[in-house]
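Notes follow the structure.
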Amino acid sequence: MKDDTPHRPAVHALLTDGTTVRIRAVEPGDHDQLEGLYAEMSPDNRRLRFFSAGSRSAGLAADSVCALARRGHRALLAERAGQVLGLVEYHADADAPHTAELAVAVADGLHHRGVGTLLVEHLVSAARTDGITAFTADALSDNHEVLRLFADLGLTATRHFDGPEVHCAIDLHVDETYLTASEARGRTADVASLEPLLKPRSIAVVGAGRRPGSVGRALLHHLHEDGFTGRLFAVNPATTSILGVPSYPCVGALPVVPDLVIVASPAGTVPAVAEECGKAGVRALVVVSAGLDTEQAEALLTACRTHGMRLVGPNCLGVANTAPGYRFDATFAAAHPRAGTAGVAVQSGGIGIALLEGLSRLGIGVSTFASLGDKYDVSGNDLLQWWESDGHTDLALLHLESFGNPRAFSRTARRVTRRMPVLTVDAGRTDAGRRAAASHTAAAATGTMTRQALFTQAGVTATRSVGELLEAAALLHAQPLPAGTRVTVLTNAGGAGVLAADACAEAGLTLNPPSPELADHLLAALPAGASAGNPVDATAAVTEDALHTCVERLAGHPSVDAVLVALVPTAVAAATGDDLVRAVTRGPGRRAKPVIVVRLEQDLPVTLLPVTDGEAIPSYAEPQAAARALAHAARRAAWLARPVGTVPDPDDIDTSRAHALADDFLARQSDGGWLDPRACAELLSCYGIPQQPWAWAESEEDAVRAAQRLRGTDGRVVLKAHWPGLVHKSLQHAVHLDLRDEAQIRAAFQDLRTRFEGLMTGVVVQPLASRGTELFAGVVQDGVFGPLVVFGLGGTATEVLADHAARLAPLTGQDVHDLITAPRCAPLLFGTQGGGPLDLEGLEQVLHRLSRMAVDLPQLAEADFNPVLATPGGITVLDARIRLLPRRPQDPYLRRLR
């Protein structure tokens, strides 16, 4: 029987020990290797696999696996260097086509390295795509390894014992438990694979010249000068020593196989160098060379994947680690990074140099630094997992111009940012091309909105510049988080206080006046003429002791979340010997709330002022910078205080029917397009999304009869023209509203038919909707980020007003809450105009079901619900437009390398 399941391309993935394997479909030419895999098993392992220790089963099993492709059967193998390490397959049950029997085999000597589990994960993903919902498997009761594999997958598994055998059933429904378990396995493998890169015991530099001026020589000099304690080599056939470091003609001639090789040779030589490194057994490459063409780039990555080497670059600044015992600086930055606790990953070398300098100047320092360059392999996601587990990173800084797998990044960042602040520069924010998209949804979904949704949902602190990144990092590193947004400004100069107050208000912070009790306490410590509003004006006559007392009273008061002290130098303080900065930085110890300083005369944008107990206080040259940093800290605190959201599983969803509808449409229209109203309505019904009653009419008589059936309580109806490709009906004047009798209905139909002759294929007839709030909800599939759900004010002005919020699907309950409350129109939903709240629960359900539709159907390019009528009594979609494209499903959480 011909196999009609889609071909899955070969991918590379990591085993538990960090080694790379290739996973691909079994082919007929694999027969001899697979027979060898079975035949070389020990008799006991053959017994556990085949229930018999005989060798004859090896050939029969290989015959079966390598037979011609057929419906209901898939077989995947893992290989390394051409050697098969393991095999997994399923055979669908003829009587229960959604159930399949699972079989796993792993080569002797490779157990406990995650081969079988990794293969099963990939088979689960393939089976779900094929419509398989459950696996069954039979095992001997003493086959503890395979039973543990099934139990530890994270899927719901049941066992039934029958004498010496165990019958297992595995539900393939993927939920948070499975994703978390797979994620943990991936993290272990990922961190292990980065050990040779970030904790190398030996390093070689290829391309270090004898004369000063080359990048390779600068890298070798940095490594040698910085005191790398492992073995260091140069590779240069023209000399035996460079800078006192022994040099060899090629990587293969080195006395030991280095863990890490830094490649700084010309672009044309890079693929050959990579291949030589791989054959020698090198585990990691950093390619600083730039200018590789497409063929060279492909050859470089192929060599790394074939030989299991992790790759940073090409076109990068290098990597560094300051951890004691592993310290090395394999960069060509001007200065060595200061040892510290901030992990840094950038794509731009220039940005990397700026961050290294800034963090060193602030005294925060760097734990691990990686300039990812063109990012062929190692990504920001890899570095986040490394920092999560390295034991001394407490701040993560990222500058990423692109995302290979945003949904995987989001899951990792959500987990990591609960342990440490994760900050980024939101680079590449604009995407004007989206404005040319057809629907309201696509027009609203800008690149900025998509990236902001990713960062907001993941709890990432997104800044707009490197300077702002360092400003926020200084505060998050040195001070506790505020419990809220209530800031009190304390100043010795009224003008500086006003500037600080304006900056705080513009940053979204709250400036409440002190309570009468607190005001009295402040005034009791301050000189005559002081005022205890917000700002608190301590006047130029304030003494060091008085200012210190006020800082402590404000920081200790429950109505204050943060204190901003705006100071200017005065002759009064100089004459009395008072140090107003010391008033803020001196004891009695670490405060429970953030205290920051603004000094308008300060040369540097931000510095960290040491305090008596070894902590530090950020000092800013501009009040806007201080306010931005406080706002970032307050948002982080609010994000951490929220419960971890979960993705609900709505009732009454018919995913199979939705898939069938999409497949049928794309079979008839292979290049995709907009669904007609009947198909739209059917798809919405698959997901239980409430719709306004409607009827389809292709003639005037059909329209009259439909109107008679659908008339509302007041008897009025609406006619909407339709033809393939029509999106904006109002702009085309293709809608007639408030039709009261048969004559008006006939006239409206004739008008539409006349004006759109040759285009119109029919009309949609609906009862005129009752009054309510018109909203807008939609989805657009981003080619990189996945489905983005957009929500906001609807109606004909939705694009003009641009009152929208967006979140990436799948939506948690928290995401839906944010979507509803973020737009400016949110007060309308909660009844602030005196009409009572709208049906918020119904609105949440519509957004959850829309999110589920987008996740279920990768073919869903756009969905546009406008208007969505919201009333206290319910939520109804009045008009829906949906566009499908021929896209195959992608599993964003499947463990694989880029």
Side-chain angles (χ1 to χ4, degrees), residues 7-46 48-50 55 57-67 74-89 102-123 126 145-146 149 185-186 188-190 192-193 195-196 251-252 257 259 274-285 299-311 377 894-897:
H7 175 69
R8 296 174 74 89
V11 298
H12 290 84
L14 297 170
L15 298 181
T16 304
D17 62 359
T19 57
T20 303
V21 297
R22 182 171 183 248
I23 298 175
R24 63 171 176 83
V26 170
E27 299 171 354
D30 298 318
H31 182 280
D32 291 347
Q33 278 217 70
L34 291 175
E35 185 174 4
L37 170 74
Y38 294 127
E40 291 169 10
M41 288 180 177
S42 68
D44 190 51
N45 280 340
R46 276 202 301 272
L48 294 174
R49 170 63 182 84
F50 299 112
S55 59
S57 53
L60 296 176
D63 291 343
S64 174
V65 174
C66 295
R74 273 195 189 270
L76 304 175
L77 60 79
E79 62 181 359
R80 186 180 60 215
Q83 178 188 0
V84 174
L85 311 181
L87 169 78
V88 65
E89 61 179 319
L102 168 68
V104 187
V106 176
D108 277 12
L110 291 173
H111 293 207
H112 309 295
R113 294 175 62 181
V115 176
T117 302
L118 182 62
L119 280 168
V120 170
E121 285 184 21
H122 279 258
L123 195 68
E145 290 186 6
V146 77
L149 186 159
R185 293 188 287 266
T188 298
D190 208 19
S193 76
E195 288 272 347
V251 173
V257 177
D259 290 330
E275 182 66 23
E276 182 188 14
C277 288
K279 289 180 177 178
V282 173
R283 295 287 306 280
L285 294 184
L300 167 62
L301 187 56
T302 298
C304 290
R305 291 290 179 258
T306 300
H307 300 290
M309 297 182 290
R310 296 308 306 265
L311 168 67
D377 177 26
L894 184 63
R895 287 199 285 151
R896 57 178 176 256
L897 294 171

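- With Val21 as the partner, the side chain to side chain contact (heavy atoms under 4.5 Å, CB included) test is satisfied by one option alone out of Leu85, Leu14, Val11: Leu85.
- By the 4.5 Å heavy-atom criterion applied to side chains, Leu285 and Cys277 are counted as neighbours.
- Side-chain contact between Leu48 and Val146 is absent, with no heavy-atom pair separated by less than 4.5 Å.
- Taking Glu195 as the reference, nothing meets the side-chain hydrogen bond (donor to acceptor under 3.5 Å, both in side chains) condition, with sequence neighbours excluded.
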- Message: Assess the residue pair Arg24 and Asp30 against the criterion (side-chain contact (heavy atoms from CB on, under 4.5 Å)); give the C-alpha distance rounded to whole Å, side-chain angles, the decisive distance to 0.1 Å, and a yes or no.
- Response: CA-CA 11 Å; Arg24 63 171 176 83; Asp30 298 318; 2.7 Å; yes
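- Interatomic distance, CZ of Arg22 versus CZ of Arg896, reported as 15.0 Å (0.5 Å rounding).
- Closest approach of Ala280 and Val257 over heavy atoms only: O-CG2, 3.2 Å.
- In this structure, Ala303 and Glu275 approach most closely via the heavy-atom pair CB-OE1, 3.6 Å.
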- Would Arg305 and Leu301 satisfy side-chain contact (heavy atoms from CB on, under 4.5 Å), going step by step from the backbone distance to the final call? CA-CA 6 Å; Arg305 291 290 179 258; Leu301 187 56; 4.0 Å; yes
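- The two atoms that bring Arg283 and Gly18 nearest to each other are NH2-O, 3.8 Å, heavy atoms only.
- Note: Glu89 CD to Arg74 CZ = 13.0 Å, rounded to the nearest 0.5 Å.
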- Item | Asp63/His31 under side-chain contact (heavy atoms from CB on, under 4.5 Å): CA gap, chis, key distance, verdict | CA-CA 7 Å; Asp63 291 343; His31 182 280; 2.5 Å; yes
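- Looking only at side-chain heavy atoms (C-beta outward), His111 and Asn45 come within less than 4.5 Å of each other.
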- Message: For Thr20 and Arg80: C-alpha separation, side-chain torsions, deciding distance, then whether side-chain contact (heavy atoms from CB on, under 4.5 Å) applies.
- Response: CA-CA 7 Å; Thr20 303; Arg80 186 180 60 215; over 6 Å; no
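- Under a 4.0 Å N-O distance rule, the pair Asp108/Arg46 does not qualify as a salt bridge.
- Side chains of Arg310 and Asp190 form a contact here, defined as non-hydrogen atoms less than 4.5 Å apart.
- No side-chain donor-acceptor contact under 3.5 Å links Glu121 to the backbone of Leu894.
- For Asp17 and Thr19, the side-chain atoms include at least one donor-acceptor pair closer than 3.5 Å.
- Applying the side chain to side chain contact (heavy atoms under 4.5 Å, CB included) test to Ala13 and every residue at least two apart in sequence or in another chain returns Ile23, Leu118, His122.
- The main-chain N or O of Ala62 is never found under 3.5 Å from a side-chain atom of Glu35 such that the two would form a donor-acceptor pair.
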